Amino acid sequence: MATTPKTDQLLAQVPLFSGLSKKELGHISGLATRLDLPAGKELTHQGEAGNEFVVVLEGEVEILVDGSSVATRGPGDYFGEIALLSDRPRTATVVSKTPVIVEVIGRREFKGLVSTQPTIANQLLATMAERIDEVARNID
């Protein structure tokens, strides 16, 4: 019988967390809640307040801006950082395209993580800038 990988083992495969020690990965996995969700599940809604950061471990999600698909994200990708880092409403709706397994980190835990892990904070800021630019290009 196959065993489900531990959260820290899955997080180690996420590029955002590459280079972290086993201890640091264990700390992050302790902050996260794993959810196993069906296809068609809305994970975030554009315009609403953002209270969580989400890392996709398995499956695919679709990113929608004003109802139009702008991207698909899969294992190792994440979303929710824009609303949390900039204290603004969600810039997109995210819906699972397939069944997904995600790790969810709440606002308070996310802020603590960013403040103690400058490498992760820098990567998140770079990603946030790219995604804001991507949303702006799709508004035209």
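Just so it is clear, the model here is predicted, and its values are computed rather than measured.
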Those residues at least two apart in sequence (or on a different chain) that pass salt bridge (charged side-chain N to carboxylate O under 4.0 Å, His left out) with Arg107 are Asp87

With sequence neighbours left out, the residues meeting salt bridge (charged side-chain N to carboxylate O under 4.0 Å, His left out) with Glu81 are Arg131

Which residues pass the side chain to side chain donor-acceptor pair (under 3.5 Å) test with [X], sequence neighbours left out?
X      : value
Glu109 : none
Glu48  : none
Ser68  : none
Glu42  : His45

Taking every non-hydrogen atom, the tightest pair across [X] and [Y]:
X     : Y     : value
Pro75 : Gly59 : CD-O, 3.3 Å
Pro89 : Gly47 : CB-O, 3.3 Å
Ala92 : Val65 : CB-CG2, 4.0 Å

Residues pairing under salt bridge (Lys or Arg N to Asp or Glu O under 4.0 Å) where one sits in residues 118-129, two or more places apart or in two chains, turn out to be none

Go through the steps to decide whether Glu62 and Ser69 satisfy the test side chain to side chain donor-acceptor pair (under 3.5 Å), and finish with yes or no. CA-CA 7 Å; Glu62 186 170 22; Ser69 178; 2.8 Å; yes

Set of side-chain contact (heavy atoms from CB on, under 4.5 Å) partners for [X], sequence neighbours left out:
X      : answer
Thr33  : Leu35
Ser21  : Lys23, Glu24
Thr116 : none
Arg90  : Thr44, Glu52, Ala83

Residue pairs passing the ring-ring contact (aromatic ring centres under 6.0 Å, His included) test with at least one member in residues 66-91, sequence neighbours excluded, are Phe53-Tyr78

Is it the case that one hydrophobic cluster holds both [X] and [Y], taking links as side-chain heavy atoms less than 4.5 Å apart, direct or via other members?
X     : Y      : value
Leu64 : Val70  : no
Leu25 : Val114 : yes
Val95 : Val104 : no

Output for pair (His27 NE2, Leu113 CG), nearest 0.5 Å, gives 6.5 Å

The reported gap from CZ in Arg34 to OG in Ser29 (rounded to nearest 0.5 angstrom) is 9.5 Å

| field | Side-chain touch Arg73/Ile63, heavy atoms, less than 4.5 angstrom | value | yes

- request: Would you confirm whether Lys111, through its side chain, and Leu84, through its main-chain N or O, come within 3.5 Å as a donor-acceptor pair?
  value: yes

Partner of Val102 under side chain to side chain contact (heavy atoms under 4.5 Å, CB included), picked from Leu43, Val55, Leu57, Asp36, is Leu43

